[in-house]
**Q** 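Have a look at this one.
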Amino acid sequence: MAVRNVIKIGNQTLRKKSKEVVSFDEELGTLLDDMKKTMIEKNGLGISAVQVGVLRRAIVIDLEDGEYLEIINPEIIKTKGSKVADEGCLSVPGFYCEVKRPKYVMIKAQDRNGETYTFEAEDMTARCICHEIDHLNGILFVDHTKQGQEYRSQVEKNFKAE
Ligand code: CO
């Protein structure tokens, strides 16, 4: 397992839509192992493949009970309620803002062997799953609020100037 470089806001790869995973092979296993290691090393609660520069629909989530969930090709089946809470992102270091997310989410996804499963989550884990699925569609949490959009335009301006 290796810690990979996490790309940051301003990098246009983060704005691309990730492609479906079709090969459930050794390379996917290595990617997921590396994502998990990278997330733990950088104190994240979730990570998507695009954040390590791989445009595939793969996510790892820290379930905060010593377990990790690998989410491949996710689909949101159901959401309920909403909750506002502080959010951050490994690709947006040093910035946090409140974001409204569903309180409950049910997803359908595949594991690293291609087996389909459904998973239900609430509160922080539901938030985390929605945040990571956004990444697969080129969306960052800062896009959801005015404060975040202001921060984004600042950063993107500076990024281009470099
Ligand atoms: Co993120």
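Along the sequence shown, residues carry numbers from 1. Just follow the structure's listing: the first ligand is 1, and inside any ligand the first atom is 1.
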**Q** Can you name the nearest heavy-atom pair linking L136 to I59, along with the distance?
**A** CD1-CD1, 3.7 Å

**Q** Please round to the nearest 0.5 Å and tell me the distance separating atom CD of E20 and atom CG of L55.
**A** 14.0 Å

**Q** Around the Co ion (ligand 1), what protein N, O or S atoms are found below 2.8 Å?
**A** C89 SG, H131 NE2, H135 NE2

**Q** With the side chain counted from C-beta on, respond yes when D111 and F24 share a heavy-atom pair under 4.5 Å apart, and no when they do not.
**A** no

**Q** With side chain to side chain donor-acceptor pair (under 3.5 Å) as the test, would you mind laying out the steps for E120 and Y104 before giving the verdict?
**A** CA-CA 7 Å; E120 293 177 286; Y104 162 95; 2.6 Å; yes

**Q** Apply side chain to side chain donor-acceptor pair (under 3.5 Å) to residues N137 and R15 and explain how you reach the verdict.
**A** CA-CA 7 Å; N137 298 317; R15 295 308 188 174; over 6 Å; no

**Q** What heavy-atom pair brings T145 and E98 nearest, and what distance separates the two atoms?
**A** CG2-O, 3.1 Å

